[in-house]
2 protein chains.
Amino acid sequence: MTGQEIGGTAGRDLPEATVGRLAGYLRALTAPGTAASGVISSSTLAELAGVNAALLRKDLSFLGSHGTRGVGYDIAGLADEIRRALGTHLASPVALVGIGHLGRALARYAGFGGRGLEIAALFDASPEVIGTRVGDLEVHDIADVVPVCRDRAITIGVVATPEGTAQQVTDALVRAGVRSVLNFAPEVVVVPPEVQLRRVDLALELQILAFHETRRSSGAVGG
Amino acid sequence: MTGQEIGGTAGRDLPEATVGRLAGYLRALTAPGTAASGVISSSTLAELAGVNAALLRKDLSFLGSHGTRGVGYDIAGLADEIRRALGTHLASPVALVGIGHLGRALARYAGFGGRGLEIAALFDASPEVIGTRVGDLEVHDIADVVPVCRDRAITIGVVATPEGTAQQVTDALVRAGVRSVLNFAPEVVVVPPEVQLRRVDLALELQILAFHETRRSSGAVGG
DNA sequence: TAGATTGTTAATCGATTAACAATC
DNA sequence: TAGATTGTTAATCGATTAACAATC
């Protein structure tokens with residue numbers, strides 16, 4: 001799992017944490033408030049992205065990116081380099097399972113397009129939802145997940161179903177050829193070793209926040 | 001920022017990462033599939049929670065928790081210890097701003113109750129939404145955020161509004177006395193130093209997943 | 001006692017930061 | 001040249017893991 005340099009192509013082997021931040025840099029670079037051309041210094045961009053400038057430079061150095069000493073980074077060029085590194089030009093098709101409120105929020109989320117992601121198929125188990133449309137897409141029966149995903153060459157799946165269903169939904173996605181799963185259900189899901197799994201627990205972040213808040217109000221720490 | 005032991009009370013000074021996992025242990029301990037009484041070993045619980053057993057024992061050691069060597073941990077007793085450490089018995093009131101799909105998903109999220117969190121007030125800016133009800137709660141005008149939050153002693157806020165509004169909504173929450181903010185909008189938000197801020201970027205997790213997926217399918221690493 | 005499992009130490013790993021030589 | 005800013009090194013920090021003595 002340590003740095004394997006492959007074929008001399010720079011920017012292949014990015015630390016996990018760097019990948020997560022690069023998206024933030026790209027967002028800052030392309031935000032309405034940022035000039036589209038010209039140069040930007042690491043300290044300015046770092047402030048826009050909310051990180052330390054040394055960390056930003058370190059992250060960019062993984063891309064083999066080269067700014068100009070004494071000057072800064074070319075805005076358009078840097079944006080292109082990050083896009084290339086993240087593969088945002090490839091528009092990976094994504095299957096979204098569970099068309100409740102969270103699923104709809106994700107389906108309509110505007111930010112996907114520019115980030116190399118395209119919601120390509122929607123699935124649900126409820127007869128009232130199957131056959132309806134959300135935006136441009138029709139909601140399919142989860143029972144059809146295998147043919148639909150195969151047909152659209154979908155390899156990424158998002159599980160936004162109610163608690164208790166995540167494992168079977170994930171199993172179905174894996175049978176359909178999905179190799180990466182993002183699970184929003186607050187359950188442990190098991191996948192074969194060749195399948196990548198990430199989890200987002202919406203309540204957890206809030207719980208962590210509440211923990212610190214409670215600690216403060218009970219006077220545990222000064223300041 | 002290094003371990004300050006305060007007043008001899010065990011479990012006060014938990015590493016950030018430990019706090020996040022404790023919630024997962026509690027969930028596993030209280031899941032339907034787990035016995036409610038008896039003992040459980042660190043390796044069994046670790047598997048249920050999806051973590052390494054040594055890490056689990058280390059996390060629990062921060063609580064001053066004491067299992068029984070050669071036996072394991074008392075299930076009910078451990079659950080209580082974790083609840084106490086996380087403060088889940090305190091039911092912190094939370095204000096939720098932005099009653100779109102994401103906001104509704106959060107408002108109805110069943111998992112909050114048992115986790116020390118209570119959505120106590122809803123706010124939106126849209127006249128069509130203000131005055132409607134979601135579950136037991138009426139949606140208030142965001143303009144009323146100060147009196148409503150003060151009245152209900154709310155110190156935690158969740159921002160689930162469309163892009164471009166997060167900063168002003170956060171400012172309003174801070175004016176209303178909120179000291180911890182969870183921001184779901186994919187923007188950098190600035191808060192006074194005494195206010196705690198966390199961010200969740202829903203698209204980011206998917207983008208990270210897609211990055212690894214793309215890497216694999218382009219043959220960058222052997223599998 | 002023998003077997004099992006904790007609690008803790010020490011080693012490892014990865015991520016962040018400060019500092020500064022290189023260089024535009 | 002003088003000033004500015006990168007790219008990189010070394011120091012630091014925190015989190016994870018393996019190993020094992022303690023002990024039930």
Side-chain angles (χ1 to χ4, degrees), chain A residues 1-5 10-25 29 38-75 77-79 81-82 85 204 208 211-212, chain B residues 1-5 10-25 29 38-75 77-79 81-82 85 204 208 211-212:
Chain A
M1 214 53 97
T2 31
Q4 318 163 336
E5 289 295 331
R12 279 280 180 200
D13 207 34
L14 307 175
E16 190 66 28
T18 295
V19 175
R21 282 186 301 261
L22 284 173
Y25 304 152
L29 282 171
V39 291
I40 191 168
S41 72
S42 62
S43 56
T44 303
L45 180 53
E47 188 173 8
L48 290 175
V51 304
N52 177 293
L55 183 57
L56 167 70
R57 291 200 300 276
K58 181 140 247 257
D59 283 338
L60 295 183
S61 76
F62 287 113
L63 303 187
S65 160
H66 289 281
T68 309
R69 288 170 198 234
V71 179
Y73 298 88
D74 178 72
I75 293 175
L78 181 57
E81 266 190 278
I82 296 177
L204 180 60
I208 292 173
F211 169 76
H212 290 297
Chain B
M1 214 53 98
T2 30
Q4 318 165 334
E5 289 297 330
R12 279 283 180 198
D13 207 32
L14 306 176
E16 190 66 25
T18 296
V19 175
R21 283 186 301 261
L22 285 173
Y25 304 152
L29 281 172
V39 291
I40 191 168
S41 72
S42 62
S43 55
T44 302
L45 180 53
E47 188 173 9
L48 290 175
V51 305
N52 178 293
L55 183 57
L56 167 70
R57 291 200 300 277
K58 181 138 248 257
D59 283 338
L60 295 184
S61 76
F62 287 113
L63 303 187
S65 159
H66 289 280
T68 308
R69 288 170 198 236
V71 179
Y73 298 88
D74 179 73
I75 293 175
L78 181 57
E81 266 190 279
I82 296 176
L204 179 60
I208 292 174
F211 169 76
H212 291 297

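In what follows, every chain begins at residue 1, and chains take the letters A, B, ... in the order their sequences are listed. Note that the coordinates shown come from a computational prediction; the quantities given were computed from them, not determined experimentally.
Using a 4.0 Å cut-off on heavy atoms, the residues of residues 45-58 of chain B that approach DNA chain C are Arg57(B), Lys58(B), listed by number.
In this structure, Arg21(A) and Thr68(B) both approach DNA chain C, and ranking their closest nucleotides by distance from the 5' end singles out Thr68(B). Nearest-nucleotide positions on DNA chain C for Gly67(B) and Thr18(A) put Gly67(B) closer to the 5' end.
Between the P atom of dT17(C) and the CG atom of Leu60(A) lies a distance of 15 Å, rounded to the nearest Å. Per the geometry, OH belonging to Tyr73(A) stands 14 Å off P belonging to dC24(C), to the nearest Å. Across the protein-nucleic acid pair, Glu16(A) atom CD and dT16(C) atom P stand 11 Å apart, rounded to whole Å. The distance between atom CG of Leu78(A) and atom P of dT5(D), rounded to the nearest whole Å, is 16 Å. The CG-P distance, from Asp74(B) to dC24(D), rounds to 16 Å in whole Å. As rounded to whole Å, 17 Å separates atom C1' of dT16(D) from atom CG of Leu14(B). For the pair Leu63(A) CG and dT8(D) C1', the interatomic distance rounds to 15 Å; values are reported in whole Å.
We find the CD1-CG distance between Ile75(B) and Leu29(B) to be 7.0 Å, quoted to the nearest 0.5 Å. Rounding to the nearest 0.5 Å places CG of Leu63(A) at 8.5 Å from OG1 of Thr18(A). Interatomic distance, OH of Tyr73(B) versus CG of Leu45(B), reported as 8.5 Å (0.5 Å rounding).
For dT6(C), neither phosphate oxygen OP1 nor OP2 lies less than 4.0 angstrom from any side-chain nitrogen or oxygen of His66(B).
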Intermediate values then yes/no, side-chain contact (heavy atoms from CB on, under 4.5 Å), Leu14(A) and Phe211(B): CA-CA 10 Å; Leu14(A) 307 175; Phe211(B) 169 76; 3.7 Å; yes

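For the pair Phe62(A)/Leu22(A), no side-chain contact is recorded, criterion being any heavy-atom separation below 4.5 Å from C-beta on.
In the interface, the side chain of Arg69(A) is not paired with the base of dT23(C) through any donor and acceptor atom under 3.5 Å apart.
Taking the side chain of Ser61(B) as heavy atoms from C-beta on, and the options dT6(D), dC24(D), dT8(C), the nearest nucleotide is dT8(C).
Both distances falling under 3.5 Å, in either a Watson-Crick or a G-U wobble arrangement, place dG14(C) opposite dC13(D). dC20(C): Watson-Crick or G-U partner is dG7(D), with both key distances under 3.5 Å.
Applying the side-chain contact (heavy atoms from CB on, under 4.5 Å) test between Tyr25(B) and each of Leu78(B), Leu56(B), Leu48(B) identifies Leu56(B) as the sole match.
Remark: Glu16(B) engages Arg198(B) in a salt bridge (charged side-chain N to carboxylate O under 4.0 Å, His left out) (not counting sequence neighbours).
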